[in-house]
J.: 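My questions will all concern the structure given below.
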Amino acid sequence: QVQLVESGGGLVQAGGSLRLSCAASGSYFSRYFMSWYRQAPGKERERVAGISAGGFIDYTESVKGRFTISRDNARNTVYLQMNNLKPEDTAVYYCRSQYGIESWGKGTLVTVSS
């Protein structure tokens with residue numbers, strides 16, 4: 001199973017930026033479909049962004065133009081650059097990998113104050 005470790009969360013004021021990282025184990029990272037999800041208190045987990053092995057990218061509508069997903073296959077890492085953060089972006093952010101089987105990280109908390 002792939003091990004995923006997220007980092008980069010924290011407390012930021014509205015309008016600020018954070019960059020999340022997700023480091024993955026395994027020798028086939030370049031083949032993984034990687035995505036970021038988030039779960040706000042009292043809400044269901046929602047998909048934020050995804051990036052395929054070939055570099056195809058998609059975002060949920062609410063983060064388009066503010067968030068950027070990217071990957072560094074040499075470092076086995078996927079990133080989520082989050083700009084112009086809003087209080088409604090407050091959530092635990094999770095990394096997910098898919099390559100035959102799926103794996104999840106334990107999450108990193110992002111808190112955006114107004």
Side-chain angles (χ1 to χ4, degrees):
Q1 188 174 1
V2 175
Q3 305 297 318
L4 301 172
V5 179
E6 302 98 334
S7 62
L11 174 64
V12 64
Q13 289 188 334
S17 299
L18 284 174
R19 188 176 81 154
L20 306 183
S21 300
C22 172
S25 66
S27 303
Y28 300 101
F29 177 80
S30 63
R31 303 180 189 182
Y32 303 166
F33 186 97
M34 301 298 298
S35 48
W36 286 97
Y37 284 72
R38 67 185 179 186
Q39 187 166 19
K43 295 187 177 180
E44 293 187 356
R45 190 172 296 190
E46 69 166 342
R47 188 164 177 275
V48 175
I51 182 168
S52 72
F56 178 80
I57 290 172
D58 70 292
Y59 299 97
T60 192
E61 193 65 33
S62 62
V63 308
K64 285 181 179 178
R66 301 188 298 122
F67 291 10
T68 303
I69 189 171
S70 62
R71 65 191 300 158
D72 184 340
N73 291 334
R75 296 179 184 272
N76 277 23
T77 301
V78 64
Y79 303 98
L80 187 68
Q81 177 67 44
M82 305 186 296
N83 297 329
N84 190 22
L85 283 159
K86 304 176 180 181
E88 52 263 43
D89 295 318
T90 294
V92 177
Y93 284 71
Y94 298 91
C95 178
R96 179 192 186 197
S97 68
Q98 293 169 270
Y99 181 60
I101 61 173
E102 70 170 17
S103 296
W104 291 87
K106 294 183 178 181
T108 185
L109 176 62
V110 172
T111 304
V112 185
S113 63
S114 57

J.: Looking at every heavy atom in both M34 and C95, which two are closest together, and how far apart are they?
T.: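 Taking M34 first and C95 second, the nearest heavy atoms are CE-SG, 3.5 Å.
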J.: Measure from the side-chain N and O atoms of D72 to the backbone N and O of T77, and report whether any donor-acceptor pair falls under 3.5 Å.
T.: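 Checking the backbone N and O of T77 against the side chain of D72, no donor-acceptor pair under 3.5 Å is found.
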J.: Drop me the distance from W104's CH2 to Q98's CD, to the nearest 0.5 angstrom.
T.: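 Those atoms lie 8.0 Å apart.
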J.: Do W36 and F67 have their ring centres less than 6.0 Å from each other?
T.: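 When the ring centroids of W36 and F67 are compared, they turn out to be at least 6.0 Å apart.
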J.: How far does OH of Y79 sit from OG of S7, to the nearest 0.5 angstrom?
T.: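 OG of S7 is found 9.0 Å from OH of Y79.
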J.: Could you report the tightest heavy-atom contact between R66 and L85, atom names first, then the distance?
T.: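 Nearest pair, atom of R66 first, then L85: NH1-CA, 3.9 Å.
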J.: Please answer: with hydrophobic residues joined when any side-chain heavy atoms are less than 4.5 Å apart, are L109 and Y93 in the same cluster?
T.: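 No, no single cluster joins them.
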J.: So which atom in S17 and which in N83 form the shortest heavy-atom distance, rounded to 0.1 Å?
T.: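 So the minimum-distance heavy-atom pair works out to OG-OD1, 2.9 Å.
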J.: More than 12 non-hydrogen atoms from neighbouring residues, nucleotides or ligands closer than 6.0 Å to CZ on R75, yes or no?
T.: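 Open.
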J.: T108 and G9: which non-hydrogen atoms are nearest, and at how many Å?
T.: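 Smallest heavy-atom distance, with atoms named: OG1-N, 3.1 Å.
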J.: So, is the end of the R71 side chain (NZ or CZ) under 6.0 Å from the ring centre of F29 and within 45° of the ring's axis?
T.: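 Checked: cation-pi criterion met.
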J.: Yes or no on side chain to side chain contact (heavy atoms under 4.5 Å, CB included) for V63 and M82, after CA distance, side-chain angles and deciding distance?
T.: CA-CA 9 Å; V63 308; M82 305 186 296; over 6 Å; no
J.: Verify the cluster assignment for V48 and F33: are they in a single hydrophobic cluster under the rule of side-chain heavy atoms below 4.5 Å apart?
T.: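 The answer is no; the residues belong to distinct hydrophobic clusters.
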J.: Counting the benzene-type ring for Trp, do Y94 and Y37 have ring centres under 6.0 Å apart?
T.: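 Here the rings of Y37 and Y94 have centres that are no less than 6.0 Å from each other.
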J.: Taking atom OG of S97 and atom CZ of R31, what is their separation to the nearest 0.5 Å?
T.: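 Answer rounded to 0.5 Å: 14.0 Å.
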J.: Quick check against the 3.5 Å criterion: does Q39 have a side-chain atom that pairs as donor or acceptor with the backbone of A91?
T.: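 Looks like no, no N/O pair under 3.5 Å.
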J.: Tell me the closest heavy-atom pair linking D89 and N84, and the distance in Å.
T.: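 For D89 versus N84, the nearest heavy atoms are OD2-O, 4.5 Å.
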J.: Sub-3.5 Å donor-acceptor pair from the side chain of Y59 to the main-chain atoms of I69, do we have one?
T.: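 Yes, Y59 side chain to I69 backbone: donor-acceptor pair under 3.5 Å.
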J.: Run the salt-bridge test on R38 and E46 with the 4.0 Å N-O cut-off and return the result as yes or no.
T.: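 The answer is yes: the pair qualifies as a salt bridge.
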J.: Output the distance between atom CG (L4) and atom OG (S103), rounded to the nearest 0.5 Å.
T.: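 Between atom CG of L4 and atom OG of S103 there are 5.5 Å.
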J.: Between the main-chain N or O of V112 and the side-chain N or O of T90, is there a donor-acceptor pair closer than 3.5 Å?
T.: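 Answer holds: yes.
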J.: Are L80 and I57 co-members of a hydrophobic cluster defined by side-chain heavy atoms under 4.5 Å apart?
T.: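 As far as the 4.5 Å side-chain criterion goes, L80 and I57 are connected within one cluster.
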J.: Once rounded to the nearest 0.5 Å, what's the spacing between atom OG of S113 and atom CD of Q13?
T.: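 Taking OG in S113 and CD in Q13, the distance rounds to 5.0 Å.
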J.: Where is the tightest heavy-atom contact between S30 and A53, given as atom of each residue plus distance?
T.: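 For S30 versus A53, the nearest heavy atoms are O-CB, 3.2 Å.
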J.: To the nearest 0.5 Å, what is the distance between CD (Q81) and CG (L20)?
T.: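 The distance works out to 9.0 Å.
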